[in-house]
There are 2 protein chains.
Amino acid sequence: MALGKDYATQECSIARALEVIGERWTLLVIRDALYGVRRYNDFLTHLGIPRAVLAARLQMLTAEGILEKRRYQESPPRDEYVITERGIALWPTVRSLGRWGREHFSDTQLRRFEHVDCGTELGAYGECPTCGGVVPVEDVVMVPGTGLDPNPTDPVSRAFLKSKRLLEPIETVPV
Amino acid sequence: MALGKDYATQECSIARALEVIGERWTLLVIRDALYGVRRYNDFLTHLGIPRAVLAARLQMLTAEGILEKRRYQESPPRDEYVITERGIALWPTVRSLGRWGREHFSDTQLRRFEHVDCGTELGAYGECPTCGGVVPVEDVVMVPGTGLDPNPTDPVSRAFLKSKRLLEPIETVPV
DNA sequence: ACGTGTTGGTTCAGTGACTGAACCGACGAT
DNA sequence: ATCGTCGGTTCAGTCACTGAACCAACACGT
């Protein structure tokens with residue numbers, strides 16, 4: 001264990017968390033899982049991640065209880081990786097990191113996240129300023145922004161061109 | 001640029017953020033800076049990070065505007081690294097990650113974070129449940145918990161055995 | 001029966017980041 | 001003159017990531 005693991009001397013739950021999700025690509029896999037990506041091939045094409053790394057991350061995240069491997073069809077046997085409660089609990093972290101990245105390093109707004117009940121954009125860590133509380137992840141709508149490539153090559157990005165709720169599985173539409 | 005950088009194909013502010021703070025050790029340096037660590041040697045002994053990596057991270061974080069290098073004495077010339085507004089804006093991310101790590105992977109509570117006005121423990125992303133709003137980082141008190149080593153070797157951990165406000169520079173007490 | 005395509009991997013050589021130890025320069029103190 | 005401290009740099013070795021190739025199970029069309 002080296003990169004992203006083994007901060008052994010740290011008496012700190014942040015270090016403990018980083019041992020689990022601090023490796024390269026890991027948080028992007030979790031982000032995609034929150035967005036509704038479930039299948040190996042969808043992660044692969046959407047992230048542009050090396051296959052070996054993706055296989056390692058999926059296995060590790062499954063072992064840590066953040067994803068759950070689930071058979072969704074027999075013949076041919078196919079599994080999907082569904083995010084668990086423990087993974088969903090990372091949404092405030094993912095949301096606040098995305099907000100920070102947009103506010104400090106991005107010129108255009110690529111996506112917006114709204115409360116499905118009222119359409120208000122979420123605050124810095126996933127709360128609704130209008131309704132005044134934390135919005136359950138399944139009540140968050142992801143709305144595409146103006147800066148997105150209107151004609152992406154991979155099916156996942158194409159699915160993300162429509163508004164959709166978080167966690168809701170994506171529909172991979174063939175070309 | 002490789003590990004933690006160059007997620008070039010991602011149209012995503014999370015990926016953009018991870019290019020900046022996604023490398024190994026980087027978020028722990030920011031955590032320590034939020035806790036009031038400012039000097040090279042304090043980062044070094046508290047984190048147990050290789051010197052070369054620390055130097056690289058401090059330089060990069062300074063270049064990205066997250067830390068600011070500041071001369072605090074001449075003769076001998078000494079600089080300290082102070083966290084900027086852009087770095088302070090990462091507090092919700094750091095807080096929520098720490099909460100997640102404690103709730104899912106830690107048995108003991110190592111530290112508590114309270115609102116200085118009312119003593120209430122902060123919520124999942126740094127808000128005060130009692131006062132009902134986001135607490136400015138400088139109004140957060142870090143309180144040592146029971147699981148900490150009562151007699152640590154490095155001066156920074158020793159300084160953390162007392163309650164202190166975030167951002168407030170640590171007092172490095174000689175042994 | 002046979003070739004083709006899809007999905008979900010494994011293997012492997014090459015690159016590059018991290019690690020730990022050694023070394024170094026500026027200065028203060030004795 | 002020597003020692004100690006602070007803030008680095010250098011360097012060999014290790015280990016994770018990268019990208020391409022390969023592979024196995026199965027469905028489908030002819």
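Small disclaimer: the values here were computed from a predicted structure and weren't measured. First the proteins, then the strands, lettered A, B, ... as listed; each starts at 1.
Among the nucleotides D:dG8, C:dC27, C:dG8, the one closest to any side-chain atom of B:A55 is D:dG8. Here the nucleotide nearest the side chain of B:Y40, chosen from C:dG8, C:dT19, D:dG8, is D:dG8. Closest approach to the B:V53 side chain among C:dT19, C:dT6, D:dT18 is made by C:dT19 (side chain taken as heavy atoms from C-beta onward). Set against C:dC27, C:dT11, C:dG9, the side chain of A:A52 has C:dT11 as its closest nucleotide. For B:P50, the side-chain atoms get nearest to C:dT19 when compared with the rest of D:dT5, C:dG8, C:dT19.
Neither OP1 nor OP2 of C:dA17 sits under 4.0 Å from any side-chain N or O of B:W25. Close to D:dG8, at under 4.0 Å from its OP1 or OP2, lies a side-chain N or O of B:Y81.
Of the possible donor and acceptor atoms, none in the side chain of B:T108 sits under 3.5 Å from a partner among the backbone N and O of B:L110. Checking side-chain atoms of A:R16 against main-chain N and O of B:R102 turns up no donor-acceptor pair under 3.5 Å.
When rounded to the nearest whole Å, the span between CG of B:N41 and C1' of D:dG4 equals 12 Å. C:dT7 atom P lies 16 Å from atom NZ of A:K69, rounded to whole Å. A:L54 places its CG atom 10 Å from the P atom of C:dT10, with the value rounded to the nearest Å. Rounded to whole Å, the distance from CG on A:L47 to C1' on D:dG19 is 16 Å. Rounded to whole angstrom, the span from the CD atom of B:E23 across to the P atom of C:dA17 amounts to 8 Å. A straight line from CG of B:L44 to C1' of C:dA21 spans 13 Å, rounded to a whole angstrom. One can place CZ of B:R38 at 14 Å from P of D:dG7, the figure rounded to the nearest angstrom. Distance A:D42 CG to C:dG8 P: 8 Å, rounded to the nearest Å.
For A:R51 against C:dG8, a side-chain-to-base donor-acceptor contact under 3.5 Å is present.
The aromatic ring centres of B:F113 and B:W91 sit less than 6.0 Å apart.
Nucleic acid contact class of B:F43 (heavy atoms, under 4.0 Å, all strands): none.
Nearest-nucleotide assignment on DNA chain D puts the 5′-proximal partner with A:I49, out of A:I49 and A:E74.
Between the side chains of B:H46 and B:D32, a donor-acceptor pair is found at a separation under 3.5 Å. If you check the side chains of B:E80 and B:Q73, you find no donor sitting under 3.5 Å from an acceptor.
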